[in-house]
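Report on the following structure.
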2 protein chains.
Amino acid sequence: MRYILKEMAINKKDEFGKKENELSDFANAISHPARVAILNEIARREQCICGEIVDVLPLAQSTVSQHLKELLKAGLITGSIEGVKSCYCINWKTFEKFEKTFNEFFSKANSNNPKCC
Amino acid sequence: MRYILKEMAINKKDEFGKKENELSDFANAISHPARVAILNEIARREQCICGEIVDVLPLAQSTVSQHLKELLKAGLITGSIEGVKSCYCINWKTFEKFEKTFNEFFSKANSNNPKCC
DNA sequence: AATATTAATCGTATATTTGCGATATATATT
DNA sequence: AATATATATCGCAAATATACGATTAATATT
């Protein structure tokens, strides 16, 4: 008898470095205009309940909830349940970390690179 | 007789602002670790031919070519054909524009927000 | 206790992204 | 001229993302 192991569906993303994934994960979180708008709304109000965001966006409540979940997962916001409502805030630490790594990767030291093609 | 117009497959993303889309488009370009790695390699060497990038990444040549095309489309790199080779450079202007808009949207003025939840 | 409100989750349809091998194209080399 | 090299593009399969309505669950209000 022969046993055939189904090849572990390896994720190509694992073949890149930690920092590369850290940057791309953050970028992925803000790679949709709805999520940029959500973050902006929370930042503007300093704190925001879910319903306030739904009122302002051209999306269904369930869709907004899904976007909020993604932002939470990526650590860009924090959330807490207050009674029947859910409150969200920006997690600035994650933003600071992103900016630091971003600058580390893409320092504009050679902004006017003479050998640029 | 009745004519039924197939609903124009409207793009939800068009319902968000110009700035939101500008940010999300840039973020989308760096939302994959392969593209972060490609950009980093080009930045490190100041200029890069396609083959050098292929040698360094765990991806097929055709896949790298596709990622480069996306980075070009989003304006993060510039490219020029030199004989049989293709040379790429970082387009720092786009990076500067991104950082400007990013800070405009997410100023950390309230980094230690007292009413944070 | 019955009803209303708020938000998360489920199921599903559709669209987009990712990745590769094969092929095409254009320039170098022999 | 024939062959080799470099890279873009095509066609396809698989995975992931987006969006919504319906449902669920939990708390408020009457």
Side-chain angles (χ1 to χ4, degrees), chain A residues 6-16 20-21 24-25 27-38 41-42 47-74 77-88 117, chain B residues 6-16 20-21 24-25 27-38 41-42 47-74 77-88 117:
Chain A
K6 178 89 180 176
E7 181 114 16
M8 177 86 71
I10 62 136
N11 193 341
K12 273 282 165 190
K13 295 186 179 176
D14 294 342
E15 294 177 29
F16 295 92
E20 281 82 356
N21 275 286
S24 65
D25 283 349
N28 191 52
I30 59 168
S31 72
H32 193 289
R35 290 194 291 272
V36 172
I38 289 171
E41 195 63 20
I42 300 175
Q47 75 174 52
C48 233
I49 64 162
C50 179
E52 292 173 326
I53 300 167
V54 173
D55 288 344
V56 160
L57 295 199
L59 295 172
Q61 176 269 321
S62 59
T63 307
V64 171
S65 210
Q66 230 173 324
H67 281 307
L68 284 167
K69 193 181 175 185
E70 263 196 89
L71 290 171
L72 273 173
K73 199 184 63 185
I77 58 175
T78 57
S80 64
I81 297 168
E82 298 186 359
V84 76
K85 306 189 177 180
S86 287
C87 185
Y88 294 98
C117 54
Chain B
K6 179 88 178 178
E7 181 112 19
M8 176 85 70
I10 61 134
N11 194 342
K12 273 281 165 191
K13 295 185 179 177
D14 293 342
E15 294 178 29
F16 295 92
E20 280 83 355
N21 274 286
S24 66
D25 284 348
N28 191 53
I30 60 169
S31 72
H32 193 289
R35 290 194 290 272
V36 172
I38 289 171
E41 195 63 20
I42 300 175
Q47 75 174 53
C48 234
I49 63 162
C50 178
E52 293 173 324
I53 300 167
V54 173
D55 288 345
V56 161
L57 294 199
L59 294 173
Q61 176 269 320
S62 59
T63 307
V64 171
S65 209
Q66 229 174 324
H67 281 307
L68 284 166
K69 194 180 175 185
E70 262 195 89
L71 290 171
L72 273 172
K73 199 183 64 184
I77 58 174
T78 57
S80 63
I81 296 167
E82 298 187 358
V84 76
K85 306 186 176 182
S86 287
C87 186
Y88 293 98
C117 54

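Chain letters run A, B, ... following the sequence lines, proteins first, then strands; residues in each count from 1.
Nearest nucleotide to the side chain of A:Ser65, out of C:dA8, C:dT18, C:dT6: C:dA8. Between C:dT18, D:dA6, C:dT6, one nucleotide has an atom nearer to the side chain of A:Val84 than all others, and that is C:dT6. Side-chain atoms of B:Glu70 lie closest to C:dT18 of the nucleotides C:dT18, C:dA7, C:dT9. Of the candidates D:dA19, C:dT27, C:dG19, the closest approach to any side-chain atom of A:Leu59 belongs to D:dA19.
A:Leu57 contributes atom CG, which lies 12.0 Å from atom CZ of A:Arg35 (distance to the nearest 0.5 angstrom).
Phosphate proximity of D:dC20 to B:Lys12: present, with a side-chain N or O under 4.0 Å from OP1 or OP2. One finds no side-chain N or O of A:His67 lying less than 4.0 angstrom from the OP1 or OP2 phosphate oxygen of D:dA17. Side-chain nitrogen and oxygen atoms of B:Tyr88 include none within less than 4.0 Å of the OP1 or OP2 phosphate oxygen of D:dT7. Taking side-chain N and O atoms only, B:Ser86 has a distance below 4.0 Å to OP1 or OP2 of D:dA8. In terms of phosphate contacts, A:Thr63 brings a side-chain nitrogen or oxygen within less than 4.0 Å of OP1 or OP2 of D:dC20.
Rounded to whole Å, atom P of C:dT5 lies 14 Å from atom CG of A:Asp55. Separating the CD atom of A:Gln61 from the P atom of C:dT6 is a distance of 11 Å, rounded to the nearest angstrom. Look at CG on B:Asn21: it is 15 Å from C1' on D:dT18, rounded to the nearest Å. Rounded to whole angstrom, the span from the CD atom of B:Glu52 across to the C1' atom of D:dT7 amounts to 14 Å. Whole-Å rounding puts the B:Ile77 CD1 to D:dT7 C1' distance at 13 Å.
Ring geometry for B:His32 versus B:His67: interplanar angle of 30 to 60°, hence tilted.
Put simply, the residue from B:Thr78, B:Leu72, B:Leu71 that forms a side chain to side chain contact (heavy atoms under 4.5 Å, CB included) with B:Tyr88 is B:Leu72.
Ion pairing of A:Lys73 with A:Glu70 is absent here, as no side-chain N (NZ or NE/NH1/NH2) approaches a carboxylate O to less than 4.0 Å.
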